[in-house]
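What follows is a single structure, written as structure tokens, with notes after it.
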Amino acid sequence: MKGKFSRLSEVLSGLIDLIFAGLLWLLCSLPVLTLGASTTALYYTVMKCIRHNRGRVAPTFFHGFRSNFRTATLIWLLFLLWFGIGAADAYAFGRMGYGPGTVLYSLSRLFFVPPLLFFPWVFAYISRFENSVTGTLKFTGWLTLRYFGRSVLLAAELAGFLLISWLLPQIFPLLPAAVCLLMSLTIEPVFRLFQPETDNASVDAWYNE
């Protein structure tokens, strides 16, 4: 009985941490321009606190937010530029009479596919590795193509998150961190291939566990 209560307590604690991390992500994403930094912080928090039980949610989240703010924000601005161009094209095609079912309409929607494939890799990578903006874009672009099957799966999970958020907004607080946790199962086996080993006993290499 005591063991069952302990397991139930761990599950409830994990759910609370997921919800709390998701709410922090939502709060820090509200300015829109900071969504990249908050997504990076969310992945870092989910990996360190929830998957590997290291530290507390709030301090870990804000550490990840501050330490990766510049790189994550600059790359997120590039995403916004891409989305803006795609939205402008779709609007222009609509004004010209190219509605659903036409080739140009379909092509305008395909414009959004590359960032959907790329998005999960790039902010997860920023949370774990140090690199320049250019270096990050090059390497995660290579990861997207090299592990294309995983990229498609991650894009499907991201699309599922958006769809469920639309259909069931009442459970939204649980979704960001839960989907991030699900994505980490696909991302982390790849990251471990590129994670440098360290012999420094003072370094807590929780990410290799």
Side-chain angles (χ1 to χ4, degrees), residues 17-83 114-144 147 150-151 153-155 157-159 161-162 165 172-196 204-208:
D17 285 344
L18 284 172
I19 293 172
F20 186 31
L23 290 174
L24 288 175
W25 174 82
L26 179 62
L27 177 65
C28 292
S29 297
L30 288 178
V32 180
L33 294 179
T34 58
L35 189 144
S38 62
T39 301
T40 300
L42 178 64
Y43 187 88
Y44 179 72
T45 303
V46 166
M47 279 301 303
K48 187 171 184 178
C49 295
I50 298 173
R51 276 197 64 175
H52 294 283
N53 197 28
R54 295 286 201 278
R56 294 176 294 142
V57 169
T60 302
F61 183 93
F62 287 112
H63 170 74
F65 186 87
R66 290 191 301 269
S67 60
N68 299 298
F69 183 84
R70 180 181 178 277
T71 300
T73 301
L74 288 174
I75 291 178
W76 171 240
L77 290 176
L78 295 177
F79 272 94
L80 285 180
L81 177 61
W82 185 287
F83 292 141
L116 193 64
L117 294 169
F118 185 55
F119 186 95
W121 289 109
V122 66
F123 294 108
Y125 176 85
I126 294 170
S127 76
R128 287 276 300 282
F129 301 92
E130 291 186 10
N131 207 336
S132 64
V133 171
T134 302
T136 297
L137 291 172
K138 286 181 178 179
F139 189 74
T140 51
W142 177 81
L143 286 178
T144 302
Y147 300 96
R150 290 177 182 264
S151 299
L153 176 60
L154 291 168
E157 291 169 353
L158 181 58
F161 160 66
L162 297 173
S165 299
F172 179 80
L174 178 63
L175 291 178
V179 172
C180 199
L181 180 62
L182 179 63
M183 286 182 169
S184 74
L185 301 178
T186 300
I187 293 172
E188 287 304 305
V190 175
F191 280 1
R192 288 194 187 99
L193 299 175
F194 303 97
Q195 184 68 51
D204 181 16
W206 52 267
Y207 39 78
N208 283 329

> Can we call the ring centroids of F129 and F139 under 6.0 Å apart?
Replying inline: no

> At their closest point, which heavy atom of L18 faces which heavy atom of I50, and how far apart are they?
Replying inline: CD2-CD1, 3.6 Å

> Is any side-chain N of the basic residue among E188 and R128 closer than 4.0 Å to the acidic one's carboxylate O?
Replying inline: yes

> What about F79 and F119, are their ring centers closer than 6.0 Å?
Replying inline: yes

>> Checking R54 against T60 for the side-chain contact (heavy atoms from CB on, under 4.5 Å) test, could you report, in this order, the C-alpha distance in whole Å, the side-chain angles of both residues, the deciding distance, and whether it holds?
In response: CA-CA 9 Å; R54 295 286 201 278; T60 302; over 6 Å; no

>> Is any side-chain heavy atom of T73 closer than 4.5 Å to one of T34?
In response: no

> Would you say the side chain of T40 lies within less than 4.5 Å of the side chain of Y44, judging by non-hydrogen atoms?
Replying inline: no

> So, do I187 and R192 sit near enough that their side-chain heavy atoms are less than 4.5 Å apart?
Replying inline: no

> Hey, are S38 and S29 close enough side-chain-wise for a donor-acceptor pair under 3.5 Å?
Replying inline: yes

> Rounded to the nearest 0.5 Å, how far does CD of E130 lie from OG of S67?
Replying inline: 8.5 Å

> Checking side-chain contact (heavy atoms from CB on, under 4.5 Å) for the pair L24/F65: CA distance, chi angles, key distance, verdict?
Replying inline: CA-CA 10 Å; L24 288 175; F65 186 87; over 6 Å; no

> Could you go step by step and tell me if V133 and L137 meet the side-chain contact (heavy atoms from CB on, under 4.5 Å) rule?
Replying inline: CA-CA 6 Å; V133 171; L137 291 172; 4.1 Å; yes

> Looking only at heavy atoms, which two atoms of M47 and H52 are closest? And how far apart?
Replying inline: O-CD2, 3.0 Å

> Hey, what do you get for CG (L27) to CG (L23), rounding to the nearest 0.5 Å?
Replying inline: 8.5 Å

> A72 and F123: which non-hydrogen atoms are nearest, and at how many Å?
Replying inline: O-CE2, 3.5 Å

>> Does any part of the side chain of C49, heavy atoms only, come nearer than 4.5 Å to the side chain of F61, both counted from C-beta?
In response: no

>> Distance check, rounded to the nearest 0.5 Å: L26 atom CG versus L175 atom CG?
In response: 11.5 Å

>> Quick check: do I126 and V122 have side-chain heavy atoms less than 4.5 Å from each other?
In response: yes

>> Please give me the minimum heavy-atom distance between W76 and L33, naming the atom from each residue.
In response: CD1-O, 3.4 Å

> Would you say the ring centroid of F118 lies under 6.0 angstrom from that of Y125?
Replying inline: no

>> Could you report the tightest heavy-atom contact between E157 and V179, atom names first, then the distance?
In response: O-CG1, 4.1 Å

>> Can you confirm whether N131 is buried at CG, in the sense that more than 12 heavy atoms of other residues, nucleotides or ligands lie under 6.0 Å from that atom?
In response: yes

> Is F161 close to L182 at the side-chain level, that is, under 4.5 Å between some pair of heavy atoms?
Replying inline: no

> If you look at every heavy atom in T186 and R150, which pair is closest and at what distance?
Replying inline: O-NH1, 2.7 Å

> Quick one: are L154 and L117 in side-chain contact, heavy atoms under 4.5 Å?
Replying inline: no

> Do you know which of T45, T39, V46 makes side-chain contact (heavy atoms from CB on, under 4.5 Å) with C180?
Replying inline: V46

> Does Y43 reach the side chain of W25, with side-chain heavy atoms less than 4.5 Å apart?
Replying inline: no

> Sub-3.5 Å donor-acceptor pair from the side chain of T140 to the main-chain atoms of L143, do we have one?
Replying inline: no

